[in-house]
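Here is how names work: the chains are called A, B, and so on, in the same order as the sequence lines, proteins then strands, and each is numbered from 1.
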2 protein chains.
Amino acid sequence: MSRGLAVASGASRGGRLPRQGTSADALPEAGFEQWPEDVDFGPLADLIGYALRRAQIAIYQDFFATVGELGFTPQLFAALVLIERNPSLNQTRLGRIMGVNRAAAMAFIDRLEDMKLVAREASKSDRRSNAVVLTKLGRERLSMLVQAVREHDARASQNLTASEVSTLRRLLRKF
Amino acid sequence: MSRGLAVASGASRGGRLPRQGTSADALPEAGFEQWPEDVDFGPLADLIGYALRRAQIAIYQDFFATVGELGFTPQLFAALVLIERNPSLNQTRLGRIMGVNRAAAMAFIDRLEDMKLVAREASKSDRRSNAVVLTKLGRERLSMLVQAVREHDARASQNLTASEVSTLRRLLRKF
DNA sequence: TATTGTTATACTCTATAACTATA
DNA sequence: TATAGTTATAGAGTATAACAATA
């Protein structure tokens with residue numbers, strides 16, 4: 001029952017840094033078409049899950065198009081914020097909050113540690129656990145990132161009025 | 001600009017079939033915590049993109065917990081529906097609609113073909129293209145699947161009233 | 001020149017399973 | 001017994017880059 005759940009992350013997930021690569025053949029690829037009018041979506045048009053997925057594809061695109069060049073995925077950004085605001089979280093709990101298991105949490109904490117943005121500190125209360133905390137560099141980068149991500153999020157929501165945005169946020173949280 | 005976009009899928013994406021595996025150690029893993037009250041989400045709490053992500057994680061979990069055993073991911077299901085309703089779509093276009101490039105579209109069409117659910121038909125108007133169509137078996141499986149997925153989607157939305165669901169769908173589409 | 005299908009390749013993210021140390 | 005961190009491994013999904021056939 002609990003296995004395979006983090007699938008969701010993978011799913012909502014995804015989240016990979018765009019690669020380099022420049023060749024004549026590669027350029028005109030992709031180009032997501034958002035709800036094209038000449039396509040019949042059939043039962044998909046009625047499913048909240050599908051609308052959620054398409055909205056997420058769109059916002060991920062904007063994330064990478066705007067703050068992607070800073071070298072962060074939405075996941076890494078979220079991890080940094082959670083670590084900053086909750087320095088007492090251990091690795092396993094951090095993973096559970098983010099929808100991945102211990103091993104996957106290890107992977108992204110390793111990565112943030114390699115980037116010198118976070119550090120593991122031995123917990124005194126439970127010697128099995130590590131607390132994960134931001135470094136000074138991590139705090140600096142994060143404050144810049146937060147600003148950029150807020151701008152991205154506002155731009156992504158620009159087709160909605162302020163009250164629609166807050167309705168949307170409320171309904172998504174009730175989910 | 002176009003590279004790395006399908007990240008979104010990966011992201012919103014994800015979508016992997018849960019594995020088997022049964023061992024004493026493996027059982028208590030994962031267990032996504034949805035908006036736990038003792039956690040400070042800081043700026044994440046205001047971001048539509050983040051609310052979208054968490055909602056998606058939750059609904060993916062429910063998808064796999066309910067219709068996952070039928071052997072389909074949300075992506076494969078969506079592909080089947082699009083193929084049924086739009087039999088003239090070629091592989092590249094189908095990929096663009098779903099947010100992935102040609103090569104990735106190849107992969108899931110190959111898979112559906114291996115499952116005998118779809119077939120490639122040479123297009124007469126453009127001899128470079130294939131039209132992708134459902135087989136008889138594909139139509140049968142899909143009609144069962146649609147029923148199961150509709151039930152899943154309704155259950156996932158059970159915390160919302162009917163009017164909230166339609167508001168949510170409308171706002172997500174405006175995105 | 002541009003696009004479609006195709007293939008080979010590499011990379012990211014994740015789960016599984018096992019181990020050790022601690023609870 | 002159960003849980004935290006860790007590691008090795010495997011699998012899914014995707015992009016990149018090239019090619020031939022066709023437009």
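Of the candidate nucleotides C:dC13, C:dT14, D:dA18, D:dA18 has the atom lying nearest to any side-chain atom of B:Arg102. Taking every side-chain heavy atom of A:Ala103 into account, D:dA8 is the closest of D:dT14, C:dG5, D:dA8. In this structure, the nucleotide among C:dT16, D:dG13, D:dT14 sitting nearest to the side chain of A:Asn101 is C:dT16.
Contacts with DNA chain C (heavy atom under 4.0 Å) in residues 120-133 of chain A: A:Asp126, A:Arg127, A:Arg128, listed by number.
For the pair A:Arg170 and B:Glu164, the salt-bridge criterion is met [side-chain N within less than 4.0 Å of a carboxylate O]. Between A:Glu151 and A:Arg155 there is no salt bridge, since no side-chain N of the basic residue sits under 4.0 Å from a carboxylate O of the acidic one.
Rounded to an integer number of Å, the gap from B:Met106 CE to D:dA18 C1' is 15 Å. The distance from atom CG of B:Asp110 to atom P of C:dT7 is 7 Å, rounded to the nearest whole Å. Rounded to whole Å, the distance from OH on A:Tyr60 to C1' on C:dC13 is 11 Å. To the nearest angstrom, C1' of D:dG13 lies 12 Å from CZ of B:Phe64. Nucleotide D:dG13 holds its C1' atom 20 Å from the CZ atom of B:Phe77, rounded to whole Å. Across the protein-nucleic acid pair, A:Ile97 atom CD1 and D:dA4 atom P stand 12 Å apart, rounded to whole Å. Separating the CG atom of B:Asn90 from the C1' atom of C:dT3 is a distance of 10 Å, rounded to the nearest angstrom. Between B:Phe108 atom CZ and C:dG5 atom C1' the separation is 14 Å, expressed in whole Å.
Of the possible polar contacts, one joining the B:Asn86 side chain to the B:Leu82 backbone as a donor-acceptor pair under 3.5 Å is found. Proximity of a side-chain donor or acceptor of A:Asn159 to a complementary backbone N or O of B:Lys174 within less than 3.5 Å is detected. For A:Asp153 (side chain) and B:Ile48 (main-chain N/O), a donor-acceptor pair under 3.5 Å exists by modelled atom type.
Phosphate contact (OP1/OP2 of C:dT6, side-chain N/O of B:Gln91, threshold under 4.0 Å): present. The side chain of A:Gln75 places no N or O atom within less than 4.0 Å of a non-bridging phosphate oxygen (OP1 or OP2) of C:dT12. Dashed line: the shortest gap from a side-chain N or O of A:Thr92 to OP1 or OP2 of D:dG5 is under 4.0 Å.
A donor-acceptor contact closer than 3.5 angstrom links the side chains of B:Arg120 and B:Gln91. No donor-acceptor contact under 3.5 angstrom links the side chains of A:Tyr50 and B:Arg169, judged on distance only.
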